[in-house]
**Q** 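Pasting a structure here, questions to come.
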Amino acid sequence: MIIIFVEQVSERLIYSLEFIFKERDIIYEITNDASLFEKSSFYKLNYSNLNFENVIQIRPSSLLWDEDIKLYEVTLAKFKNEPCLAFDGCLDPLSSIFYVLARVEEYLSQYEDIHGRFLAKYSIQYKFQLIDRVVCDRWAMKIIESICEFYKVNIKIEKPQTIIVPTFDIDNTFAYQWKKGVRKWLSVIRDYIKRDRFRIQQRKNVLAGNEKDPYDTFDQILSISNRFKVYVFWLIGDYARYDKNISYLDTRHRKLINNICKKIKLGLHPSYKSNSFYNSIKTEKSRLEEIIDDDIVYSRQHFLRLKISSTYTSLIKAGFRHDFSMGFSDHVGFRCGTARPHFWFDLKKNRISNLMVHPFAYMDGTLNEYMGLSIDDSKKQIFELYKEVENFGGEFLFIWHNETIGNYGKWNGWNGVLKYTLSLGNNE
């Protein structure tokens, strides 16, 4: 049992303490009663600017008690030899956990790419070369270790569990099959204009039934689901520049979705435009629920268009309970400093929400398209990310697409990267 003295209790403080202690099954108690604190026989942590004799102390910054969203001067310092954040000159590991876990910097950032995304290169972790570390878990463990060292005790913590979680986005169910009308003929004309003989012939073979559609990798996904808990996120938004899947009204498409969801957890891949229009999210969610005749509570944003406050507020309003968009498109690593699922903290309301956030460590396109890594270098990068999660616990969650695991085009050979990732947990 650990008793923690604070001068004031806040939702932000509780959020950090829950991550540090409850997440690791350590019982703790908060008090602002100095007399009770001094008399307690429990292990003590003084998280205040008051002084107590023979008690470990961490002096707090103002972050966990501020009620608005403020801009801080964030610098790098060290806490117990671990790189940690200081706010306006105050080194504070508890505030560091909250700052990264709740994504405070993203509420204040004016930087975004052409798709309205907050990129890794804008983040404080990237600036301080901490992006490939689960820094929140590291800081939590350093706080616990410092208490153990001070009192010369060993607080028992169970070996952290690591779960491999494969997830797949279905942006384009097929490359050629089931395409109709103007869409079909525009694709054909484009191939002829480009004189792309390979695609012209391949389309003919697929439509004649002589060759499998290159995006038809659903048998592989189903096979993986026999060994792992798999999530699939399906795009069924209206046709647009960045939303080009087969119509959700196509009976064959609906049947395929139904067959997949019998074995796999199914979620919505909200369309590109839905990030700006709440009604689109509601409409698309209703469509998918009507197709499978069940509630849809999982989501991941198309193009990873995640604007923390507005996106998560809309998802909660629409009835989602889990989101899998927490990660960067341009760089692998840990956007929120952990691989552990956790509830989103609504910074504008200063309270913990009921939306569970599932962070991902890498996406296929990040390795191949954004970072330009080779297959071998991608495997090395994935191994390092996995070892980080293995050391501190959580879900080793990653994103692939049905169109990228079939060794097709620029993805030739990349199926081996997926297989390598799945082998890391020794489940094969």
**Q** Please confirm whether Phe87 and Trp65 have ring centers closer than 6.0 angstrom.
**A** no
**Q** Counting N and O atoms only, with roles assigned by atom type, does the side chain of Asp92 sit under 3.5 Å from a partner on the main chain of Pro60, one being a donor and the other an acceptor?
**A**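 Checked: no pair found.
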**Q** How about Glu403 and Trp411: do any of their side-chain heavy atoms sit closer than 4.5 Å?
**A** no
**Q** Taking the six-membered ring of Phe19 as reference, does the NZ or CZ atom of Arg24 fall below 6.0 Å from its centre and within a 45° cone about the axis?
**A**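 Yes, Arg24 lies over the aromatic ring of Phe19.
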**Q** Determine whether Ile375 and Trp414 make a side-chain contact, defined as any pair of heavy atoms from C-beta on separated by less than 4.5 Å.
**A** yes
**Q** At their closest point, which heavy atom of Ala77 faces which heavy atom of Ala86, and how far apart are they?
**A**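 Residues Ala77 and Ala86, closest heavy atoms: CB-CB, 4.4 Å.
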**Q** Decide yes or no on side chain to side chain contact (heavy atoms under 4.5 Å, CB included) for Lys142 and Cys84, but give the supporting numbers first.
**A** CA-CA 10 Å; Lys142 285 297 180 182; Cys84 193; over 6 Å; no
**Q** Mark yes when over 12 heavy atoms from residues, nucleotides or ligands other than Ile27 sit less than 6.0 Å from its CD1; otherwise mark no.
**A**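 Open.
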**Q** How close do Phe79 and Ile58 get, heavy atom to heavy atom, and via which atoms?
**A** CZ-CD1, 4.1 Å
**Q** Would a distance-only check, ignoring hydrogens and angles, find a side-chain to backbone donor-acceptor pair under 3.5 Å from Ser353 to Trp344?
**A** yes
**Q** Determine, using ring centers only, whether His115 and Tyr272 are less than 6.0 Å apart.
**A** yes
**Q** Examine distances only and state if a side-chain atom of Asp243 and a backbone atom of Leu235 form a donor-acceptor pair shorter than 3.5 Å.
**A** no
**Q** Can you name the salt bridge (charged side-chain N to carboxylate O under 4.0 Å, His left out) partners of Lys255, sequence neighbours left out?
**A** none
**Q** So does Asp216 get a backbone contact from the side chain of Lys212, meaning a donor-acceptor N/O pair under 3.5 Å?
**A** yes
**Q** Should Pro160 and Asn391 count as side-chain neighbours, where that means a heavy-atom distance under 4.5 Å?
**A**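 The answer is no, as the side chains (C-beta and beyond) never meet within the 4.5 Å cut-off.
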**Q** How about NZ on Lys380, more than 12 heavy atoms from neighbouring residues, nucleotides or ligands closer than 6.0 Å, or not?
**A** no
**Q** For Asn415 and Asn407, indicate whether the former's side chain and the latter's backbone hold a donor-acceptor pair under 3.5 Å.
**A** no
**Q** Does Thr162 reach the main-chain N or O of Gly394 with its side chain, forming a donor-acceptor pair under 3.5 Å?
**A**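 Between the backbone of Gly394 and the side chain of Thr162 there is no qualifying donor-acceptor contact (under 3.5 Å).
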**Q** Using 4.0 Å as the upper bound for N to carboxylate O, is an ion pair formed by Arg335 and Glu106?
**A**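 Arg335 and Glu106: salt-bridged.
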**Q** So Glu105 and Tyr122, side chain to side chain contact (heavy atoms under 4.5 Å, CB included) or not? Walk me through it.
**A** CA-CA 9 Å; Glu105 65 178 338; Tyr122 306 140; over 6 Å; no
**Q** Which heavy atom of Tyr72 sits nearest a heavy atom of Ser62, and at what distance?
**A** CE2-OG, 4.0 Å
**Q** Would you check if Val135 and Leu85 make a side-chain contact, meaning some heavy-atom pair closer than 4.5 Å?
**A** no
**Q** What orientation do Phe324 and Phe233 show, parallel under 30°, tilted 30 to 60°, or perpendicular over 60°?
**A**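 Tilted: the ring planes of Phe324 and Phe233 meet at 30° to 60°.
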**Q** Taking the side chain as every heavy atom from C-beta outward, state whether Tyr15 and Asn350 have any pair of such atoms under 4.5 Å apart.
**A**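 Sidechains of Asn350 and Tyr15: no contact.
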**Q** Begin with the C-alpha distance, continue with both residues' side-chain angles, and end with the deciding distance and a verdict on side chain to side chain contact (heavy atoms under 4.5 Å, CB included) for Gln177 and Arg252.
**A** CA-CA 10 Å; Gln177 288 182 194; Arg252 297 164 298 181; over 6 Å; no
**Q** Does Lys265 make a cation-pi contact with Tyr298, if we ask for NZ or CZ under 6.0 Å from the ring centre and within 45° of the axis?
**A** no
**Q** For the residue pair Tyr242 and Phe303, does the interplanar ring angle fall in the parallel (under 30°), tilted (30 to 60°) or perpendicular (over 60°) class?
**A**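 The rings of Tyr242 and Phe303 stand perpendicular, inter-plane angle above 60°.
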**Q** Give me the atom names and distance for the closest heavy-atom approach of Tyr107 to Ala102.
**A** CE1-O, 3.7 Å
**Q** Return yes if some donor-acceptor pair links the side-chain N/O of Arg117 with the main-chain N/O of Ser329 below 3.5 Å, else return no.
**A**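 Judged by distance alone, no pair lies under 3.5 Å.
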**Q** Assess whether a salt bridge exists between Glu384 and Lys387, defined as any Lys/Arg side-chain N lying under 4.0 Å from an Asp/Glu carboxylate O.
**A**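 Here Glu384 does not pair with Lys387 in a salt bridge, since their nearest N and O are not under 4.0 Å apart.
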**Q** With no hydrogens and no angle check, do the side chains of Tyr362 and Ser378 hold a donor and an acceptor under 3.5 Å apart?
**A**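 Side chains of Tyr362 and Ser378: no pair found under 3.5 Å.
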**Q** Can you confirm whether more than 12 heavy atoms, excluding those of Asp293, are under 6.0 Å from its CG atom?
**A** no
**Q** Under 4.5 Å between any side-chain heavy atoms of Ser325 and Thr311, yes or no?
**A**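 Heavy-atom side-chain distance check fails, nothing below 4.5 Å.
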**Q** Are Lys349 and Glu11 close enough for a salt bridge, meaning some N to O gap below 4.0 Å?
**A** no
**Q** Could you tell me whether Arg59 atom CZ has more than 12 heavy atoms of other residues or ligands within 6.0 Å of it?
**A**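 Counting other residues, nucleotides and ligands, CZ of Arg59 exceeds 12 neighbours.
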**Q** Between the side chains of Glu23 and Arg340, is the shortest nitrogen-to-carboxylate-oxygen separation below 4.0 Å, so that they form an ion pair?
**A** yes
**Q** Examine distances only and state if a side-chain atom of Thr366 and a backbone atom of Val332 form a donor-acceptor pair shorter than 3.5 Å.
**A** no
**Q** Which heavy atom of Ser309 sits nearest to which heavy atom of Lys348, and what is that distance?
**A** OG-CD, 3.4 Å
**Q** So does Asn226 have more than 12 non-hydrogen atoms from other groups sitting under 6.0 Å from CG?
**A** yes
**Q** Taking the six-membered ring where the residue is Trp, are the ring centres of His331 and Tyr126 under 6.0 Å apart?
**A** yes
**Q** Students often mix this up, so state it plainly: with edges at 30° and 60°, are the rings of Phe396 and Phe398 parallel, tilted or perpendicular?
**A** tilted
**Q** Whether Arg138 and Glu388 form a salt bridge (side-chain N of Lys/Arg under 4.0 Å from carboxylate O of Asp/Glu) is what I want to check.
**A**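 Arg138 and Glu388: salt-bridged.
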**Q** Please confirm whether Phe98 and Phe345 have ring centers closer than 6.0 angstrom.
**A** yes
**Q** Give a yes or no on whether the backbone of Trp400 and the side-chain of Thr404 come within a donor-acceptor separation of less than 3.5 Å.
**A**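 It does not hold such a pair.
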**Q** Determine whether Ile405 and Ile221 make a side-chain contact, defined as any pair of heavy atoms from C-beta on separated by less than 4.5 Å.
**A** yes
**Q** Do Asn275 and Gln301 have a side chain donor and acceptor closer than 3.5 Å?
**A**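 There is such a pair (donor and acceptor under 3.5 Å, judged by atom type) between the side chains of Asn275 and Gln301.
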**Q** Using the rule given for side chain to side chain contact (heavy atoms under 4.5 Å, CB included), can you reason through Leu288 versus Ile257, listing the C-alpha separation, both sets of side-chain angles and the distance that settles it, and then say yes or no?
**A** CA-CA 9 Å; Leu288 196 54; Ile257 294 171; 4.0 Å; yes
**Q** Does the distance from a Lys or Arg side-chain N to an Asp or Glu carboxylate O, for Asp113 and Lys121, drop under 4.0 Å?
**A**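 Looking at Lys121 together with Asp113, the answer is no, because their closest N to O distance does not fall below 4.0 Å.
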**Q** Is it true that Phe218 and Trp234 have ring centroids separated by less than 6.0 Å?
**A**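 Ring centroids of Phe218 and Trp234 are less than 6.0 Å from each other.
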**Q** If we ignore angles and hydrogens, is there a donor and acceptor under 3.5 Å between the side chains of Asp323 and Tyr312?
**A**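 The criterion, which ignores hydrogens and geometry beyond distance, is satisfied for Tyr312 and Asp323.
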**Q** Kindly say whether Met1 contributes a backbone atom to a donor-acceptor pair with the side chain of Glu29 at under 3.5 angstrom?
**A**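 Not confirmed, Glu29 side chain does not pair with Met1 backbone.
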**Q** May I ask you to test the Phe168-Ile264 pair for a side-chain heavy-atom distance under 4.5 Å?
**A** no
**Q** With sequence neighbours excluded, tell me which residues meet salt bridge (charged side-chain N to carboxylate O under 4.0 Å, His left out) with Lys22.
**A** Glu18
**Q** Out of Thr338, Ile308, Leu397, Leu304, which one pairs with Met326 under the side chain to side chain contact (heavy atoms under 4.5 Å, CB included) rule?
**A**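 Result for side chain to side chain contact (heavy atoms under 4.5 Å, CB included) with Met326: Ile308.
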**Q** Only counting residues at least two apart or in another chain, list the ones meeting ring-ring contact (aromatic ring centres under 6.0 Å, His included) with Trp139.
**A**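 Not a single residue meets the ring-ring contact (aromatic ring centres under 6.0 Å, His included) criterion with Trp139.
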**Q** Please step through salt bridge (Lys or Arg N to Asp or Glu O under 4.0 Å) for the pair Lys273 and Glu284, ending with a clear verdict.
**A** CA-CA 11 Å; Lys273 72 173 184 178; Glu284 293 166 22; over 6 Å; no
**Q** Any carboxylate oxygen within less than 4.0 angstrom of a Lys/Arg side-chain nitrogen, looking at Arg300 and Asp169?
**A**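 Yes, Arg300 and Asp169 are salt-bridged.
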**Q** Using distance alone, with no hydrogens and no angle criterion, decide if Tyr176 and Glu211 have a side-chain donor and acceptor under 3.5 Å apart.
**A**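 Result is no, nothing qualifies.
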